[in-house]
Peer 1: 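My questions will all concern the structure given below.
Index from 1, following the sequence.
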Amino acid sequence: KGFNAELLGKSETLTGYAFFVDLARQYEDAGYETEEAVRRAVEDCVDKSILADFLREHASEVINMLTAEFKLEEALQVWKEEGFEEGMEKGREQGIERGMEQGMEKMARNLLSKGIAPDVIAQSAGMPLEKIQSLIG
């Protein structure tokens, strides 16, 4: 509903379906659980003669299908948000780790410039000796 009015105007069935789905979502927005929202939308559409014959014959299949579809949409949105948050957290962690690594390298360079032996720096900083040696130069 609210998209491509020209197309909706060409199909009474499509217009009815758009009305039905919009009504179900309105019930959900009003606080009804998905299944109850779809059930109420079916009843209202039958009362208003919107897709009435089809809904009378296939009400249980419609309710089951749309309940699953709406729940899948919700699940996908949650997964998307969780994935985004997880990605942001990993980015922050990697940023912190990289910042710590850069700080350790800077400290190692300073110690090297003061004549501290690479093996002493490696042992004190908990860094591989090869890493300390790669900083000499």
Side-chain angles (χ1 to χ4, degrees):
K1 188 173 180 181
F3 297 96
N4 205 338
E6 182 183 340
L7 179 62
L8 288 176
K10 293 179 181 181
S11 171
E12 186 178 329
T13 303
L14 189 56
T15 300
Y17 179 74
F19 178 84
F20 168 73
V21 170
D22 185 60
L23 190 57
R25 290 195 175 165
Q26 287 179 35
Y27 278 125
E28 258 195 331
D29 291 344
Y32 290 98
E33 293 292 324
T34 301
E35 187 172 343
E36 182 60 22
V38 173
R39 187 178 315 282
R40 285 176 176 264
V42 166
E43 292 169 1
D44 286 357
C45 283
V46 169
D47 289 345
K48 294 176 181 174
S49 298
I50 297 170
L51 304 173
D53 293 336
F54 179 83
L55 290 173
R56 275 190 208 99
E57 188 174 335
H58 301 285
S60 63
E61 293 99 331
V62 169
I63 292 167
N64 290 336
M65 181 191 73
L66 286 181
T67 299
E69 184 178 318
F70 284 3
K71 285 182 180 178
L72 178 61
E73 284 179 18
E74 290 172 13
L76 289 173
Q77 183 62 33
V78 168
W79 293 336
K80 182 179 177 182
E81 290 168 6
E82 287 175 352
F84 177 77
E85 289 170 11
E86 185 176 313
M88 291 296 290
E89 182 62 29
K90 281 191 176 196
R92 282 191 290 272
E93 288 172 5
Q94 289 172 355
I96 291 169
E97 288 173 11
R98 182 66 186 135
M100 289 175 59
E101 184 179 318
Q102 289 172 342
M104 293 293 284
E105 288 175 9
K106 184 174 182 179
M107 179 192 70
R109 280 193 189 93
N110 287 340
L111 292 171
L112 286 168
S113 72
K114 296 191 183 317
I116 307 294
D119 60 324
V120 173
I121 297 170
Q123 186 178 17
S124 299
M127 293 174 68
L129 180 59
E130 298 78 26
K131 181 69 177 172
I132 302 299
Q133 289 173 331
S134 75
L135 299 174
I136 297 172

Peer 1: Salt bridge (charged side-chain N to carboxylate O under 4.0 Å, His left out) with E43: which residues, sequence neighbours excluded?
Peer 2: none

Peer 1: Not counting sequence neighbours, which residues clear salt bridge (charged side-chain N to carboxylate O under 4.0 Å, His left out) with K114? List them please.
Peer 2: none

Peer 1: Got a sec, which pairs hit side-chain hydrogen bond (donor to acceptor under 3.5 Å, both in side chains) with one end in residues 104-113, sequence neighbours left out?
Peer 2: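 Residue pairs passing side-chain hydrogen bond (donor to acceptor under 3.5 Å, both in side chains), neighbours aside: E105-K131.
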
Peer 1: Please, which pairs that meet salt bridge (charged side-chain N to carboxylate O under 4.0 Å, His left out) have at least one residue in residues 44-56, sequence neighbours excluded?
Peer 2: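 Matches after skipping sequence neighbours: D53-R56.
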
Peer 1: To the nearest 0.5 Å, what is the distance between CZ on F19 and CG on D22?
Peer 2: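 Separation between the atoms: 7.5 Å.
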
Peer 1: Less than 3.5 Å apart, any donor N or O on the side chain of Q123 or D119 sitting next to an acceptor on the other?
Peer 2: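 Looking only at side-chain atoms, D119 and Q123 do not form any donor-acceptor pair under 3.5 Å.
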
Peer 1: To the nearest 0.5 angstrom, please state how far the OG atom of S60 sits from the CZ atom of R39.
Peer 2: 9.5 Å

Peer 1: How many angstroms lie between atom CD1 of I50 and atom CD of E12, to the nearest 0.5 angstrom?
Peer 2: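 Answer for the CD1-CD pair, I50 versus E12, is 9.5 Å.
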
Peer 1: By ring pair (Phe, Tyr, Trp, His ring centres under 6.0 Å), which residues pair with Y27, not counting sequence neighbours?
Peer 2: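 By the ring pair (Phe, Tyr, Trp, His ring centres under 6.0 Å) rule, Y27 matches Y32.
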
Peer 1: Would you name the heavy atoms of A37 and E28 that are closest together and state the gap between them?
Peer 2: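 Looks like CB-N, 3.6 Å.
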
Peer 1: Side-chain heavy atoms under 4.5 angstrom apart, residues restricted to Ile, Leu, Val, Met, Phe, Trp, Tyr: same cluster for L135 and L129?
Peer 2: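 They do not share one cluster, since no chain of ILVMFWY contacts under 4.5 Å joins L135 to L129.
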
Peer 1: Please check if atom CD in E57 has more than 12 non-hydrogen atoms from other residues, nucleotides or ligands closer than 6.0 Å.
Peer 2: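 At most 12 heavy atoms, drawn from other residues, nucleotides or ligands, come within 6.0 Å of this atom.
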
Peer 1: Could you grab the distance from atom CD1 of I121 to atom CG of L112, nearest 0.5 Å is fine?
Peer 2: 3.5 Å

Peer 1: Tell me, please, which residues at least two apart from S49 pass side-chain contact (heavy atoms from CB on, under 4.5 Å).
Peer 2: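 With sequence neighbours excluded, S49 shows a side-chain contact (heavy atoms from CB on, under 4.5 Å) to no residue whatsoever.
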
